[in-house]
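Comments concern the structure below.
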Amino acid sequence: MDWGKLKFFLGEVTRNFSRNTGMQMTAIGTVAITIVLLGMFLFVRAALADVGASLLAKIEISAYLSPDATPAQIHAIGRFLAQDPRVESAQFIPKRQGLAELRERTKGTIDTALLTENPLPDKYRIKVRATEQVPSVAAEVRRLTGVANVVYGQQVVQRLLQLGAVLRRIGIVVIAIFFAVAGIIIANTIRLTVFARRREIAIMQLVGATNTYIRLPFICEGLLDGCIGAALAVGLLAVARATLWPRLLEALPWAQLTATPLDARVLAAELLAVGAAIGIVASWIAVGRHLRT
Amino acid sequence: MDWGKLKFFLGEVTRNFSRNTGMQMTAIGTVAITIVLLGMFLFVRAALADVGASLLAKIEISAYLSPDATPAQIHAIGRFLAQDPRVESAQFIPKRQGLAELRERTKGTIDTALLTENPLPDKYRIKVRATEQVPSVAAEVRRLTGVANVVYGQQVVQRLLQLGAVLRRIGIVVIAIFFAVAGIIIANTIRLTVFARRREIAIMQLVGATNTYIRLPFICEGLLDGCIGAALAVGLLAVARATLWPRLLEALPWAQLTATPLDARVLAAELLAVGAAIGIVASWIAVGRHLRT
Amino acid sequence: MIALRGVSLVYPNGVRALDDINLEIAKGEFVFLVGHSGTGKSSLLRLLYREARSTAGEIVVDGIRVDRLRRNRIAALRRHLGVVFQDFKLLVDKTVWENVAFAMQVTGAHTRDIMRQAPRVLDLVGLSHKSRMYPTELSGGEQQRTAIARALVNNPKILLCDEPTGNLDPANTTEITALLQRINLKGTTVVVATHNQAVVDRMRRRVVRLDDGRITTDEERGYYYLGLGQTQVLSG
Amino acid sequence: MIALRGVSLVYPNGVRALDDINLEIAKGEFVFLVGHSGTGKSSLLRLLYREARSTAGEIVVDGIRVDRLRRNRIAALRRHLGVVFQDFKLLVDKTVWENVAFAMQVTGAHTRDIMRQAPRVLDLVGLSHKSRMYPTELSGGEQQRTAIARALVNNPKILLCDEPTGNLDPANTTEITALLQRINLKGTTVVVATHNQAVVDRMRRRVVRLDDGRITTDEERGYYYLGLGQTQVLSG
Ligand SMILES: Nc1ncnc2c1ncn2[C@@H]1O[C@H](COP(=O)(O)OP(=O)(O)OP(=O)(O)O)[C@@H](O)[C@H]1O
Ligand SMILES: Nc1ncnc2c1ncn2[C@@H]1O[C@H](COP(=O)(O)OP(=O)(O)OP(=O)(O)O)[C@@H](O)[C@H]1O
Ligand SMILES: [Mg+2]
Ligand SMILES: [Mg+2]
């Protein structure tokens, strides 16, 4: 390696870079904005996924036992539930506890003193690992002898499942759009810088520079744009996370947002990689297109 | 007016416009993307506002009457509620109906045959016009004689109020960011086109063209970029609304999204105006900055 | 018509291009500006149309104190001057015709007048048949003649030409020189910076000689070389 | 070294710039290309370094069939040629030194060689003291000399010069001409398109005359005008 050449090349890149600061700012700013949006999106998606999980964790199946179920039947149901890998936990709730809970829930508006006998049946309270399995577990339990009725938030579960699917699909579309937007904007920015230097490029070609030789500084420029923009974005996101996120958590304590939904370092590395990749690909395309003509 | 001059000027603008199609596509695409995002945002915000309203509309206050309330007291409570402007409707639910509803809700798991007497009290079911007023109405009703207890989704109401406030604030911030992003990107795009034509601008100045004369075609270019981009965006949004929105409505029927949350023509006009304004302002700033040096 | 008194020009990079220039050019004069490459000829012309701004001294062009001209009045000054730039400075995205018409357009000229005047000057420089071509499609000499046509189109009171024949063959050079002479005869003040010894020696007009940013001689009927026609130098 | 056989060039806009050109230039020759403005001199040179591509005919430069050259081989061809462009074509964001060094850099030259060779050619054209300036800070003649330095820096086998003295004063012109002659004496083939009658007439080398895209005469020891030195024309 000829160090003078490397120095020349680096000098070239830094010169290009520092010459048209306005244009570099544009490209960097665009990358930064795009990656801030992307990072925000990933972060919020992760946070919402946790919210969804904690909401779904609350969905439980109540399996009411028929009043004439024998203790052996009740035991058999308990064993069945304990064996089922889909079931996270199953708890036997005798009718007395059920009444106490009902009284608690209705906050004393039901006058339990008026009850001559407990009108509630015994039940199992079942938690399922994956929400998608709630309907099938419920249907199987319903078929066990000794089970009178199975109740769960059918509607709620269905709605959450639907919402989850729709959100996931929207999420994928939005991510794709963001990537396309970022790519297009950066490619265009670099295409414009290439356009602004079309005379210079033509001259370099006339002097005998190969296309690779001409392309390389632009690619490096794109790479630098991408990396600096991504670094800026990561910095902004870190600041936002340190200042805004706690306030949001505080404002919505009941939403049970996870305080740290993503590994910050992994996300930062990913975003930097995305920035670098966008910069390289966009400049490659932008310069390639121009040099082909 | 010299028609030749106008023709010359228009020729100038259309020529500039058609010459560097790549650059124009960039600017137009950026405007279009920005305005699609803006339109989507406004649309979704309006739709969600409706969802929030319909969710809130379901919040009702249950005022349980004490078992020893006299008919006169019950009548007085009813009159009080009928007079209150904040109350949308108030319905007297006798204990019998309450028990039927309870049975319905618990899907027969409570064996009502076991009840010797109805343990539930009579109640008023109250709907309030504005969710913010639920707590105050509830407190006042609580103080009336004959009312034993007042129950409403205290938690739910508080959470929805908080969520609404947070979402509104986030919404304002996001809108502001979008505007800034759109403005910056378009200004930069036009600054780059100005930069790419800096030699031409310098020559025009040397030939004796005033800054206004040089600036005008660029402003018109920005205006055209903004308008065409906005028109594209409106078209895309119209297509999305005609194809995707019904599918979303279908997928989430229970979300009670309004089919048409905004007047399409008003939105279209607004977005076009925004596009034009962005184009003019951005190009004005971009060109102005360059010509001052 | 043109007066420079104690004018100096130091470029931002520290080069002193002109040093204490004193020069008076009367209305209707024809002046050659000669001197070595890099001696300040273009710089002097640049001061007159305010592409450069003098560091010291007083410049008056057509009654206007150019050195003190407010920024927003510069365009008006330039409209009264015709300038042939050394590097042509043609608009690459405009045709020959448009380049010429544009210079009239910016003065607010009536379209009728443009339609009459532009073809006339293009004819004068022999480019009528190329009027629809773009500068990149022209030969070097054709570009130069376009630049000359543009400088003439407004019938300027003062015509500044910076090396107007550097890319022209002798036949074209003779024609353009004759053209400048005719324009001068109609009363236009003409200043020509040139290296073309043949042109200077044939015309025998006023010759201002610059050396290293200073005026060294100023002769009423001069040669390119001090006191010598080229025939003496080359074939003597 | 250079051979054109039945070469024609029609530009996309329909202009027939060259028509059935047949020309052989031997290694080490010195050839002037003369003719009116717009007659096809630059176009002919452009064909040799493949800025333009011939519409018909066969072009061989240094053993390479230029008219059939694959796109990715063009850079290699150009590295063996030195070209002085009529409009200089300097990189405006590089200093004089960098403009010259760049032409070596792209050939993959060693930095050590660049550091030795670049100052040498800058000295040859008399621009050592301006090596840190940008082209916009140069006079027209200084820009032209930078372009000449760049063309010389790689010690090309073939040197193509398009109007290399259009912006130079006679003294500089003489120097540059002497320089070209010296380079030619070292074995470099030199082709010069020019309008400078004095240069052509003084050198008395091979003169190829173009008229309207065709070669009309080709003399071994010619004058700018057919058979006539300038002294006869101007001062006869
Ligand atoms: N890129 C181009 N596209 C179309 N036509 C062109 C192009 N370049 C030159 N021409 C035309 O081709 C002809 C020859 O041009 P060329 O530049 O070869 O002339 P030249 O002999 O170099 O003239 P000059 O002495 O004025 O430089 C001219 O009529 C010119 O208008
Ligand atoms: N924009 C500029 N910035 C800095 N220095 C400049 C600039 N323009 C010219 N110079 C320097 O000023 C001096 C005079 O330049 P000028 O262009 O006036 O010379 P000139 O007499 O026109 O030469 P030529 O005959 O070669 O065109 C030169 O040394 C040049 O390097
Ligand atoms: Mg000059
Ligand atoms: Mg030429």
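Bear in mind the structure is a predicted one, so any value in this text is a computation, not a measurement. So you know, we letter chains A, B, ... as the sequences are listed, proteins then strands, and number each from 1.
Residue-environment remark: CG (Asp212(D)) stays at or below the threshold of 12 foreign heavy atoms within 6.0 Å. The environment of CZ in Arg53(D) is crowded: more than 12 heavy-atom neighbours from other residues, nucleotides or ligands sit within 6.0 Å. Other residues, nucleotides and ligands contribute over 12 non-hydrogen atoms within 6.0 Å of the CZ atom of Arg204(C). Enclosure of atom CG in Asn22(C) by more than 12 non-hydrogen atoms of other residues, nucleotides or ligands within 6.0 angstrom is indicated.
Neither the backbone nor the side chain of Asp87(D) comes within less than 4.5 Å of any heavy atom of chain C. The contact between Arg145(C) and chain D is made entirely by side chain atoms (from C-beta outward), counting heavy-atom distances below 4.5 Å. In this structure, chain D has a heavy atom under 4.5 Å from the side chain of Val15(C), while its backbone stays farther away.
In this structure, OG on Ser42(C) lies 11.5 Å from CG on Leu138(D), to the nearest 0.5 angstrom. In this structure, OG in Ser139(D) is found 10.0 Å from CD in Glu163(C), a value given to the nearest 0.5 Å.
Taking every heavy atom of both residues into account, Gln86(D) and Gly141(C) meet most closely at NE2-N, 4.3 Å.
Chain C forms more heavy-atom pairs under 4.5 Å with one residue of Gln143(D), Glu142(D), Gln144(D) than with any other, namely Glu142(D). Across Gly40(D), Pro170(D), Gly166(D), the residue that shares the most heavy-atom pairs under 4.5 angstrom with chain C is Pro170(D).
No donor-acceptor distance shorter than 3.5 angstrom exists from the side chain of Asp169(C) to the backbone of His195(D), with no hydrogens or angles considered.
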